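Computed from heavy atoms alone, side chains included, the values below leave out hydrogens, waters and symmetry copies. Only a predicted model underlies this, so the values are computations on that prediction, with no experimental measurement involved. Reminder, nothing fancy here: chain letters follow the sequence lines and each chain counts from 1.
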Protein chains: 2
Amino acid sequence: MSTPPELSSTSFAVLGLLAIRPWGTYELAKQLDRSLNYFWPRAESKVYEEPKKLVANGYARARRETVGRRARTVYTITPKGRRALATWLALPGSGPALEFEALLKVFFSEHGSRADAAANVATIRDWVERRNAENVGFARSYLGGGGPFPERLAQIVLVGRFLTEFTDMVGRWAEWADGVIADWPDNPAEARPDLSVLHEIAARVLAPTA
Amino acid sequence: MSTPPELSSTSFAVLGLLAIRPWGTYELAKQLDRSLNYFWPRAESKVYEEPKKLVANGYARARRETVGRRARTVYTITPKGRRALATWLALPGSGPALEFEALLKVFFSEHGSRADAAANVATIRDWVERRNAENVGFARSYLGGGGPFPERLAQIVLVGRFLTEFTDMVGRWAEWADGVIADWPDNPAEARPDLSVLHEIAARVLAPTA
DNA sequence: GTTAAGATACTCCCGAAGGGAGGAACATGT
DNA sequence: ACATGTTCCTCCCTTCGGGAGTATCTTAAC
């Protein structure tokens, strides 16, 4: 009681899934990988630790089942867990954080060849195509009635739109960057900047600071 | 020699800065925070460790200076370091990874109130405004000749455009989401999904898989 | 001239997270 | 009968985040 147990956002991500229905840990790990992974990526090993913390805090109960001689643990949310989830949902979440190694390489491309820079942009375009195919697959399976948790569709659509918009934006950028780099000299260190981009951004009128 | 020392992408991010000019560790930490932080965020404590690894691998040299009685270490890249950087730049980087707690809360908003969901979107809109002001400030200072490393402007513009496009996309999404959530009933669990979003995505024609 | 605030220049530490290896039981297809 | 794949985890090692702590130097205010 002296120091509060302090659950992480990852704990609440798992708790959010438990609020939908009870899950076995393995199922939970798969589901995390299929959905939350796109905007809250976590390692599989963590997913096996989190429910234990939830139980320790009284937010979930563990039920031990057996399939033949193999044990499995199914977790169920408690009323206290639902209250904790609601409390967490009412607190403001932090803004988007990006981690983008290919862009890091573009940033330092003056120390490599033009071909290296172009190859990194091509890698990004590949990523866009793969991700886009996944997005389209998701949308089609939901429209076909095949998606899990159709009762959650309003929330899923909100997040899904964010993710597709992100994919599209990366695609548009990569296409533009492709053209820009194609016009670079062989040595990217001698490339001339496209100042029109800066002018466009600089010309924006900012909202008065509150 | 048996096991290669294996430098991380963060090591190369620091090495990339050293390829521009020599830096003191404190300067390095500040610079990381001002630039790379937007697409390769790392804790300050790491920034103090990385240059030591670079020196251990012969990619940089450390020079000890004193300002009065206070010591500081200035790091300089070596020719071997430049070669290593070029090798790393030629390898494909990984695609964008997102971490977005506020979106996580929107995803689970059925377990809270509509006001909670709206508040999270408002938080996101605040983030967009703050980030946009930073973007505009950057562009203006570069156009005014005040930005650091004008010789790197071609690369900076490429990355800068990505970051502003990302900010804009988040802003457009948040505005849309704001309207959607405003139409929800008090209990988000009873909200009807906007199926037109799914139809639009599902209707896309996919490029044939290579 | 004194003093307080702020910038510089780090080190240390702990807990969270990443990520791969390993292993046992069950399910399937051939 | 055998092999492959899926379920269902545990263990461990390393990296990372992030705050606390320490000390020195600079600047501007009083």
For B/A174 and B/V121 the tightest heavy-atom approach is O-CG1, 3.3 Å

Quick one: sort the A/F162 and A/F166 rings into parallel, tilted or perpendicular, breaks at 30° and 60°. parallel

B/E50 CD to D/dG17 P, in whole Å, measures 10 Å

How is B/P51 classified with respect to the nucleic acid when contacts are heavy atoms under 4.0 Å: base, sugar-phosphate, or nothing? nothing

*Kindly determine whether B/R34 and B/Q31 satisfy side-chain hydrogen bond (donor to acceptor under 3.5 Å, both in side chains), including the steps that lead there.*
CA-CA 5 Å; B/R34 257 181 283 126; B/Q31 185 60 23; 2.8 Å; yes

To the nearest angstrom, the CZ-C1' distance between A/F12 and C/dA17 comes to 18 Å

Rounded to whole Å, CZ of A/R42 lies from C1' of C/dG15 at a distance of 14 Å

B/E99 atom CD is separated from C/dG18 atom C1', nearest whole Å, by 12 Å

B/Q31 CD to C/dA9 C1', in whole Å, measures 17 Å

Between CZ of B/R34 and C1' of C/dA7 the distance, given in whole Å, is 13 Å

Worksheet item: Looking only at side chains, do B/S11 and B/S8 share a donor and an acceptor under 3.5 Å apart?
Response: yes

When rounded to whole Å, the CG to C1' distance for the pair A/D33 and D/dT6 reads 15 Å

The complete set of ring-ring contact (aromatic ring centres under 6.0 Å, His included) pairs with one or both residues in residues 42-63 of chain A, sequence neighbours excluded, reads none

When rounded to whole Å, the NZ to P distance for the pair A/K46 and D/dC16 reads 15 Å

Given protein heavy atoms under 4.0 Å, the one-letter contact record of nucleotides 7-14 of chain D, with B base, S sugar-phosphate only and - none, is simply BBBBB---

* To do: With side-chain hydrogen bond (donor to acceptor under 3.5 Å, both in side chains) as the test, would you mind laying out the steps for A/W40 and A/S9 before giving the verdict?
  => CA-CA 9 Å; A/W40 197 254; A/S9 300; 5.8 Å; no

